[in-house]
Structures are given as structure tokens and as C-alpha cells.
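Reminder, nothing fancy here: chain letters follow the sequence lines and each chain counts from 1. Hydrogens, waters and symmetry mates play no part in the numbers below; they use all other heavy atoms, side chains included.
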There are 2 protein chains.
Amino acid sequence: MIANPDTAHSHPAAPDAPSARELITARGGRVTRTRVAVLDVLRSAPRPLNHDQIAAELEAAGEQHDRVTLYRALDWLVEQGIATRVAGSDRAWKFELVRDTGHRHAHFHCQRCGRVLCLDEVEPALAGALPAGFRLEQAELVLHGACADCTAPPPTP
Amino acid sequence: MIANPDTAHSHPAAPDAPSARELITARGGRVTRTRVAVLDVLRSAPRPLNHDQIAAELEAAGEQHDRVTLYRALDWLVEQGIATRVAGSDRAWKFELVRDTGHRHAHFHCQRCGRVLCLDEVEPALAGALPAGFRLEQAELVLHGACADCTAPPPTP
DNA sequence: TCATTTGTGCAACATTGTAGCATTTGCGTG
DNA sequence: CACGCAAATGCTACAATGTTGCACAAATGA
């Protein structure tokens, strides 16, 4: 069961995960400043980030990257199956690393605090609920509502 | 069980449904050309439509409406609970009439044929799959994959 | 080192939606 | 029916989020 949103999505950088360089060269891509930087940001992100947030992270790290180049790097990562797009409530895509192929997880968007959390338990239930003949393919799936933190009554002051 | 997408979403205009005028005046809104026209389009639409599609329908019917006015009419409908927003694969919202309050349904977006279908059976399963403390609120929920038509092998020629 | 091909960076454009504001219109009242 | 006023409309601008085209730079293999 998932109660605390901050631990609900404990993805940040498994120690044995392949390096950015490895991820890139494995698909025959060139190892460029932007791709490495974006990968590093995504790898240490606790939840899906949109283009703006990624750019902000990069700037915080003292890196300057062109807006278009960022879009293209992200597009490439998605195309290569390294990252996925997640639809948010606004019309901006969020991006997230694909952790292990074969396991898809859904996202929950809290309409109170705006956070996007990852839910590992939902997909099996969904697969059973879909009509026969339908196939659930994409991890891009977002539920909306209120998360545990926001439904909980405030602590007595 | 839902097998045929064309019947899966059999919403078009129940004969006893309230008229556009009734729907509008019931919330204290003014009955204007645009609201009535938009409601009529949504009422006869077999699936959620985005702003562009609605405008196209109106033009096909010989009606000319301002882009902004359309947005505002749609916003008002959503605000009044008459319509809901559905997120699509592009960043444009789709709109759909709320049929009966109290019953929320999810949407399935087929990535082959691009159709958005409505699934009545999914929500109960979802509610059980969410972690404790989480509340599923919004009907705006889209699953992605392939629908029955598109997963089925082509008929032997 | 050199050539080739892949990415980058810039500027311009496209789509989707919002904001401000003057004008028109629906509709209750006299 | 005429009036008056709030509610909607219809501009025009503007904002956010991507995309496209093209010249230039840089990664990689020979």
C-alpha cells in the first residue's frame, strides 16, 4: 500500500542502472552534452517532469540548453524507448525514464497538490477491467483525484 | 462486455433527454446561439470532440462562431457540470456531455484508429486498485492501447 | 587528422488556449 | 412593447507549448 507520496515513487537512480552514456550508445546514438544532461535529470527525478522543469533543473546545475534541442533530445529518448511521455492536467507532456521493460505503471495526478505519483498496483486491475479484445499498451495513463496527503484531515494544531 | 466500438459509446440523444434550452436555463444561464449550437453538437456526437471538431460541425451546419466564444461556451458547460473535459493524445481537450450524474465512465484511446471510446466497466475496478486514502474524482481518465477492432486479425480475403 | 553524418542553435511559424475591453443581446421589469 | 442592465459576444493581443527549416558545430569512425 502506498501512503506517502514521497516514497510512493522511489525511482531515483538504482546503483546498478546503466550510465547515461551506456543508454545512449546502446541505441547507436551520439553522446552529447544535452542528452547526457537530460538523462541525468530524469534519472534523479522523483516524478515525471515537463520540459520546463527539466530546463529549470539544468539551469540550476549551471547548464544552458536550447529549448528546441531539449525537445529534440526528449523526443529521441522517447523514440528509443528510454523515456516515456506522461500526459498531465495542463497540455504539457511530462517525461520519465522507463525503468524496467515489461513492467508498466500508471500515474495518479492529485488535483489538490498537483503532484504526479506512480502507482504500481493499478495496471493488473485495469487489464482485467478492459473488455475482451482490448489491449492496454501505453504506460501513459493518468488518474485524477486527491492523494492520501490531501484527503487526510489536517493534523490537529 | 464491449466489442464493437461503434456501439460501445451509444450516447447520441436519448429521446427523453432535456433540450438544450432546458439544460441552460436550469442553471440560470442565458440561452444563446452558441450555447445551443454547441450543446446540439455534443448531444449528437458519438464520442468526445475537441474544439476544432466542434467548430467544424458548426460550420458544416452553416453556423459561424467565434473561436473565443466557443471556448467560453465550452468552459461554461464544464463549469456547470453539463459537459466534461477529456484529455486526448494531442494536447487539445475533448468535450463530452455528462449523461447521468453519479455514473462516471473512463475513456479508452485506441492508438491505431485514433478513436476515443467510453468504457463503463472500468471505474469500479480502478477504485479497488487505488491505494488507501486516495480518491478517484474526475471522469477524465484515458487508457491507451488498441481496441478490439484493431487487435482483431483482418478478415480472410 | 579528416570526412561524414548526427545534433545543435537560431529564427520563424503553428496550435491551443486566455485576457482585456468595447459592443451586443437575452431577458426581467415597468 | 420599450427599457435597462448584467451576461455573452467578438474583436485584437498575448501566452504557452511545440515544430520546422536551415546553416553550423561536433561526435565518431577511418
>> Using five pairs at each end of the helix from C:dT1-D:dA30 to C:dG30-D:dC1 to define an axis, what is the angle between those two axes, to 10°?
In response: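 Taking the rotation axis at each end, their angle is 30°.
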
> Which residue pairs pass the ring pair (Phe, Tyr, Trp, His ring centres under 6.0 Å) test when at least one of the two sits in residues 22-44 of chain A, sequence neighbours left out?
Replying inline: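 Residue pairs with at least one partner in residues 22-44 of chain A: there are none.
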
> Is any side-chain heavy atom of B:Leu39 closer than 4.5 Å to a side-chain heavy atom of B:Leu97?
Replying inline: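 The answer is yes, as the side chains (C-beta and beyond) meet within the 4.5 Å cut-off.
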
> B:Ala73 or A:Arg21: which one's nearest nucleotide on DNA chain D is closer to the 5' end?
Replying inline: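 Of the two residues, B:Ala73 wins.
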
>> Applying salt bridge (Lys or Arg N to Asp or Glu O under 4.0 Å) as the test, list every pair that has at least one member in residues 48-62 of chain B; sequence neighbours left out.
In response: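 Listed by first then second residue: nothing to list.
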
Let me have the donor-acceptor pairs involving side chains of residues 68-83 of chain A, under 3.5 Å, with sequence neighbours excluded, atom names and distances please.
{"unit_1": "A:Asp75", "atom_1": "OD1", "unit_2": "A:Arg85", "atom_2": "NH1", "d": "3.3"}

>> Keeping B:Thr25 on the side-chain end and B:Gly28 on the backbone end, is there a donor-acceptor pair under 3.5 Å?
In response: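 Side chain of B:Thr25 to backbone of B:Gly28, a donor-acceptor pair under 3.5 Å: no, none is there.
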
> What residues form a side chain to side chain donor-acceptor pair (under 3.5 Å) with A:His65, not counting sequence neighbours?
Replying inline: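 Applying side chain to side chain donor-acceptor pair (under 3.5 Å) to A:His65 gives A:Thr34, A:Glu63.
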
>> Counting only heavy atoms from other residues, nucleotides and ligands, does the tally under 6.0 Å from CZ of B:Arg21 exceed 12?
In response: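 Atom CZ in B:Arg21 is not crowded, with 12 or fewer foreign heavy atoms closer than 6.0 Å.
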
> Is there a side-chain contact (heavy atoms from CB on, under 4.5 Å) between B:Thr32 and B:Ile24 once you walk through the steps?
Replying inline: CA-CA 9 Å; B:Thr32 68; B:Ile24 295 170; over 6 Å; no

> Using a heavy-atom cut-off of 4.0 Å to chain A, what are the terminal contacting nucleotides of DNA chain D, in 5' to 3' order?
Replying inline: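 Span of nucleotides near chain A: D:dT17 to D:dT28.
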
> By a strict heavy-atom criterion of less than 4.0 Å, which residues belonging to residues 26-39 of chain A are in contact with DNA chain D?
Replying inline: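 Output list: A:Arg30, A:Val31.
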
>> Does anything in residues 59-72 of chain A come within less than 4.0 Å of DNA chain D? Heavy atoms only, and list the residues if so.
In response: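 Going residue by residue through residues 59-72 of chain A, the ones with a heavy atom under 4.0 Å of DNA chain D turn out to be A:Arg67, A:Val68, A:Tyr71, A:Arg72.
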
> If you look at every heavy atom in A:Leu42 and A:Phe95, which pair is closest and at what distance?
Replying inline: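 Looking at all heavy atoms of both residues, the shortest contact is CD2-O, 3.7 Å.
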
> If you look at every heavy atom in A:Glu96 and A:Pro48, which pair is closest and at what distance?
Replying inline: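 Scanning both residues, the minimum pair turns out to be OE2-CG, 3.7 Å.
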
> If you walk 5' to 3' along DNA chain C, what is the first nucleotide with an atom under 4.0 Å of a heavy atom in chain B, and what is the last?
Replying inline: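 The protein-touched segment is C:dT16 to C:dC27.
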
> Partners of B:Gln53 by side chain to side chain contact (heavy atoms under 4.5 Å, CB included), sequence neighbours excluded?
Replying inline: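 B:Gln53: side chain to side chain contact (heavy atoms under 4.5 Å, CB included) contacts with B:Leu49, B:Asn50, B:Lys94.
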
